[in-house]
Amino acid sequence: MHWADAFIQKIEGPQVISTGISPSGPIHVGNMREILTGDIVFRAARSKGLPVKFIFLSDDIDPLRKVYPFLDESFREHVGKPLYEIPSPKGEGTYADHFMAPFRDSLEKLHIQVEILRSSQLYESGKFYEVIKTAIAEKDRIARILREVSGRELEENWFPYSPKCSSCGKINQATATSFTDPYVSYNCKCGHSGKSDIRKGEGKLPWRVEWPAKWHLLGVTIESFGKDHGSAGGAYDSGKRIVEEVFGTPAPSYLIYERILLKGEGAMHSSTGIVIESSEALRFMPPESLRFLIARNSPLRHIEFDPKDFYLNFMDDYEKYFNAYFKKDTVSDPDLDAVVRYSSLEKPVGPIEPSYRHLVTLVQIYPDEKKLLHGLSLGGYAAKNIAGEMGDRIALVKYWLDNYAPESIKFSLLPRGTEVKLETAEQDILKEFLSQAESLNWTAQSIHDSVRSISLKDGGEPMTAFRAFYRVLIGKDRGPRLGFFLSEMDKKWVIDRLGECLS
RNA sequence: GGGCCCGUAGCUCAGCCAGGUAGAGCAUCUGGCUUUUAACCAGGUGGUCGGGGGUUCGAACCCCCCCGGGCCCGCCA
C-alpha cells in the first residue's frame with residue numbers, strides 16, 4: 001500500500017493538515033518535501049472521504065537569525081527583526097514576500113491547493129491573544145515541561161513571550177519583566193524599555209510554545225515535519241505535552257520525513273548554499289516529475305536528487321510510471337496507481353510522448369522553434385499537440401540543456417558551409433551513402449541499415465562510417481543513434497550538407 | 001547520553017504497518033538482434049533477508065539484545 005494511504009488508513013473523522021516554513025531564505029526542493037508530503041496526505045484523506053482542510057503557515061514573524069551567505073552586509077542591521085518587517089533583498093516588498101513569491105508560484109504549478117496563512121497576521125489580528133495569555137498564566141507549567149522534555153535548564157528570566165522592541169524593532173533582544181493584560185513590559189538590550197501589546201503582533205511566542213499554540217488555535221490534527229523536530233526531546237515531544245496539558249487539546253498525528261540530498265554534495269540547506277530552489281527546479285522539471293520524486297519515495301527514506309548526470313534516468317523512471325498507468329509500459333510497483341495519481345496535477349495525463357530524452361535530441365537538432373515544430377511533425381507528433389503543452393516541455397528541456405546537462409550529451413548541428421577535414425575512407429563512405437540517399441526510405445531503420453552495410457564493405461569498421469557522419473553534422477566523433485538522428489532531420493538538408501563537405 | 005531511519009541478489013531498492021516459505025530494475029551469462037548519448041527482444045544465473053535469541057504450526061515481517069551505516073537532539077525542513 002502507498003505510504004500516504006497506509007498513514008491515512010488509521011485516521012478517522014474531520015482533519016486539518018498543516019505544514020509550515022519560515023521564509024528566511026530561498027525555498028528549495030528540500031523544503032518542498034514538507035508541503036508535498038502534506039499535500040499527498042491531504043489527497044489520501046480526501047479520497048478516503050474524510051472532511052479535510054490543508055493549511056500552510058508562513059512563519060514570517062520569525063526573526064532573521066543572521067546574515068546568510070546570500071545576503072549582503074547591509075542586512076546586519078536587520079538581524080533580529082521579524083521577516084515581514086525587513087525590506088526585500090531585491091526590489092520592492094518585504095523580505096518574507098521576496099522568498100514567498102516564487103514559492104507561491106511553485107505551489108500553483110504543482111497544483112497544491114493549500115490555504116496560506118501568515119504567522120504575522122495571526123498575531124496582528126489578535127487571534128493569538130487568548131493562547132498567549134494562557135501561556136503567560138501557565139508559565140511555570142510550560143517551563144517545567146520544557147525542562148523535563150529537553151533535559152535542559154531554561155534561562156533565569158525565561159518568559160513564554162518574546163516582545164518586539166518598539167525602538168530597535170528586534171524581536172529577540174528584549175527581556176519581559178511583567179504582564180498586565182494585555183501588555184508585557186520589557187527592557188531591550190538597545191536601552192529602550194516599553195510595553196508590548198500581545199493582541200497586536202508586537203511580539204511572538206517562542207518556537208516550542210508557538211507550535212502547540214498553532215495546533216490548538218487552528219485545530220491541527222495532522223502535521224508533517226522534518227526528523228529534527230521528531231527527535232526525542234525535540235519540539236514535537238514538548239509541543240505534544242504543552243498542547244495537551246496546557247491548552248487542553250490533543251496533539252496532531254504526524255509524518256516525519258527525511259531530507260533531500262543533492263547528489264554528491266550533501267543535504268540541501270540554504271545556509272550552506274547547497275540548494276536548488278523550487279522555482280529553479282520547475283524550470284527544467286515538469287511539475288508532475290517533482291511530485292513524483294516525493295510521491296514515490298517513502299518519507300522515511302532520504303532522497304538523493306541529481307539534476308545532472310543521472311537526471312535523464314530519473315525522467316525515464318517518471319515517464320515509465322505514467323506510461324505504465326496508461327498501459328504503454330510496465331512497472332512492477334504495486335503502488336503504481338497511487339504513485340501516478342499523487343504525482344498528477346489533477347487526473348493523470350499520458351502517455352508521455354515523445355520522451356524527455358527524445359526531446360533532448362530534437363531540441364539540439366532544431367534550436368529554432370519553428371523548425372523544431374516541423375521536426376516534431378516529421379516524427380509523427382500531431383501539430384495540435386505541439387502548440388501548448390509541448391511548448392512547455394520543450395522550454396524545460398532547453399533550460400536543462402543550457403544549465404545542467406553533462407557535456408557528453410550536448411551537441412549542435414554545424415551550420416551549412418562549415419568546412420570539415422575528412423579522411424579518404426570517410427569521404428568514400430559519404431559518397432556511397434549519397435548515391436543511395438535519394439531513393440532511401442527516410443526512416444531510422446533503413447538509414448541505419450544503409451550506413452551499416454556501406455561500412456562493412458571491403459572489411460571496413462562500422463566505427464569509421466558513423467564517425468564520418470558525426471564529424472560532418474555536429475563536429476564530434478559520437479552522437480545520437482544515427483538512424484534515429486538522421487530520420488528526425490530534413491532529408492534534403494542532410495543530403496546537401498553531406499554533399500558540400502565532399503566538394 | 002538520548003532518539004529516529006536504513007541494513008533484503010554484484011548495485012539501487014520493493015516486500016514488513018493486516019506473519020504463509022523472497023521480488024523488480026540495473027549488472028552478469030546464454031540466444032537473437034546490433035557501432036554509439038546507460039540500445040532492443042527472449043531466457044538463465046544469482047540472496048545464511050546484518051547477527052543472535054524469543055513468540056508461532058509457520059518470521060524478511062511481531063518482541064528482545066547486539067553489530068554496521070546515516071541523520072537528529074538552542075534556532076532551522
Side-chain angles (χ1 to χ4, degrees), chain A residues 1 3 5-7 9-10 19-25 27-38 59 62-66 68 146 149-155 172 206-208 210 223-238 255-261 266-272 296-302 304 309-310 312-313 316-317 320 330-336 339 357-358 360-361 364 405-411 444-445 448-449 451-452 455-456 460-467 469-470 474 476-485:
Chain A
M1 188 186 295
W3 56 263
D5 298 319
F7 173 79
Q9 194 179 32
K10 303 172 215 151
T19 65
I21 295 174
S22 173
S24 56
I27 295 176
H28 51 80
V29 172
N31 296 124
M32 294 314 285
R33 195 166 200 181
E34 164 111 4
I35 189 144
L36 274 169
T37 302
D59 291 317
D62 289 2
L64 180 68
R65 307 208 180 280
K66 60 175 179 181
Y68 293 104
L146 290 178
V149 172
S150 72
R152 285 166 211 269
E153 275 310 308
L154 298 174
E155 285 176 35
N172 59 357
W207 159 245
R208 287 222 184 205
E210 186 177 81
E223 176 129 2
S224 63
F225 50 86
K227 71 188 301 181
D228 43 345
H229 295 320
S231 288
Y236 181 81
D237 278 0
S238 54
L255 263 107
I256 296 178
Y257 58 86
E258 271 283 356
R259 290 164 181 263
I260 296 185
L261 314 176
M268 280 203 207
H269 205 293
S270 309
S271 62
T272 55
R296 187 188 134 171
N297 293 291
S298 157
L300 298 176
R301 280 197 143 339
H302 75 242
E304 264 192 89
D309 297 350
F310 287 78
L312 288 181
N313 292 70
D316 288 345
D317 239 17
K320 201 171 167 62
T330 52
V331 164
S332 68
D333 189 337
D335 295 328
L336 167 69
V339 169
R357 195 182 275 279
H358 187 149
V360 163
T361 302
Q364 296 185 89
E407 284 308 312
S408 62
I409 75 158
K410 290 205 240 182
F411 69 84
Q445 191 60 50
H448 174 81
D449 291 344
V451 174
R452 180 172 163 74
S455 73
L456 292 175
E461 282 288 320
M463 174 74 178
T464 316
F466 287 92
R467 195 178 56 200
F469 282 87
Y470 294 124
I474 62 175
K476 294 171 77 170
D477 286 352
R478 298 165 73 84
R481 304 189 71 184
L482 192 68
F484 153 74
F485 185 40

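Naming: A, B, ... by sequence-line order, numbering from 1 per chain. None of these values were measured; they are calculated from a predicted model.
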Just call it for [X]: base, sugar-phosphate, or nothing, with non-hydrogen atoms closer than 4.0 Å on any strand.
| X | result |
| --- | --- |
| Leu312(A) | nothing |
| Arg357(A) | sugar-phosphate |
| Arg259(A) | base |
| Ser408(A) | base |
| Asn313(A) | base |
| Gly479(A) | base |

Taking [atom1] from [X] and [atom2] from [N], how many angstroms apart are they, rounded to a whole number?
| X | N | atom1 | atom2 | answer |
| --- | --- | --- | --- | --- |
| Tyr236(A) | rA77(B) | OH | C1' | 17 Å |
| Phe484(A) | rA38(B) | CZ | P | 13 Å |
| Asp237(A) | rG74(B) | CG | P | 12 Å |
| Glu210(A) | rC75(B) | CD | C1' | 12 Å |
| His448(A) | rA39(B) | NE2 | P | 14 Å |
| Phe310(A) | rG25(B) | CZ | P | 19 Å |
| Ile474(A) | rU36(B) | CD1 | C1' | 11 Å |
| His28(A) | rA77(B) | NE2 | P | 9 Å |

Keeping the roles fixed (side chain from [X], backbone from [Y]), state whether a donor-acceptor pair exists under 3.5 Å.
| X | Y | result |
| --- | --- | --- |
| Arg65(A) | Ser24(A) | no |
| Glu223(A) | Thr19(A) | no |
| Trp3(A) | Pro299(A) | no |
| Glu258(A) | Ser298(A) | no |

Nearest-Å distance once atom [atom1] is located in both [N] and [M]:
| N | M | atom1 | answer |
| --- | --- | --- | --- |
| rC17(B) | rG50(B) | P | 16 Å |
| rU12(B) | rG1(B) | C1' | 35 Å |
| rG46(B) | rA24(B) | P | 14 Å |
| rC6(B) | rG74(B) | P | 23 Å |
| rA27(B) | rC41(B) | P | 12 Å |
| rC33(B) | rA42(B) | P | 16 Å |
| rU28(B) | rC65(B) | P | 44 Å |
| rG51(B) | rA38(B) | P | 37 Å |

Next item on the list: Go along nucleotides 3-18 of chain B 5' to 3' and tag each nucleotide: B for a protein heavy atom under 4.0 Å from its base, S when only backbone or sugar atoms are that close, - otherwise.
Entry: SBSS------SS--BB

Item checked: CA sep, side-chain torsions, deciding dist, call: Lys320(A), Leu336(A), side chain to side chain contact (heavy atoms under 4.5 Å, CB included) -> CA-CA 10 Å; Lys320(A) 201 171 167 62; Leu336(A) 167 69; over 6 Å; no

Next item on the list: Scan His302(A), Arg33(A), Arg301(A), Glu34(A) and name whichever one has a side chain to side chain donor-acceptor pair (under 3.5 Å) with Tyr257(A).
Entry: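 Considering His302(A), Arg33(A), Arg301(A), Glu34(A), a side chain to side chain donor-acceptor pair (under 3.5 Å) with Tyr257(A) is found only for Glu34(A).
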
Item checked: Any side-chain heavy-atom pair of Thr37(A) and Met32(A) under 4.5 Å -> no

Check: Do Asp237(A) and His229(A) have side-chain heavy atoms sitting under 4.5 Å apart?
Finding: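 Asp237(A) does not reach His229(A) side chain to side chain.
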
Notebook entry, point to check: Are any of the side-chain nitrogens in Arg296(A) or Asp335(A) under 4.0 Å away from the carboxylate oxygens of its partner?
Noted result: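 Asp335(A) and Arg296(A): not salt-bridged.
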
Notebook entry, point to check: What nucleotide, of rG74(B), rU37(B), rA77(B), holds the atom closest to the side chain of Arg208(A)?
Noted result: rG74(B)

Side-chain donor-acceptor contacts of residues 476-484 of chain A below 3.5 Å, not counting sequence neighbours, with atom names and distances?
unit_1    : atom_1 : unit_2    : atom_2 : d
Lys476(A) : NZ     : Lys410(A) : O      : 2.6
Asp477(A) : OD1    : Arg471(A) : NE     : 3.0

Checklist line | Pairwise 5' ranking along RNA chain B for Gly20(A) and Gln364(A), keeping only the more 5' one | finding: Gln364(A)

Margin query: Judged by each residue's nearest nucleotide on RNA chain B, which is more toward the 5′ side, Arg33(A) or Val331(A)?
Written below: Val331(A)

Notebook entry, point to check: Is the distance from OP1 or OP2 of rU37(B) to the nearest side-chain N or O of Arg478(A) less than 4.0 Å?
Noted result: no

Check: So what is the 5' to 3' dot-bracket string for RNA chain B, if pairs are Watson-Crick or G-U wobble with both distances under 3.5 Å, crossing pairs use [ ] and | means the partner sits on another strand?
Finding: ((((((((.[[[[.)....(..]]]].(((((.......))))).....[[[[[..)....]]]]])))))))....

Next item on the list: Would you sort out whether Val360(A) and Ile409(A) count as a side chain to side chain contact (heavy atoms under 4.5 Å, CB included), showing the intermediate values?
Entry: CA-CA 9 Å; Val360(A) 163; Ile409(A) 75 158; 3.9 Å; yes

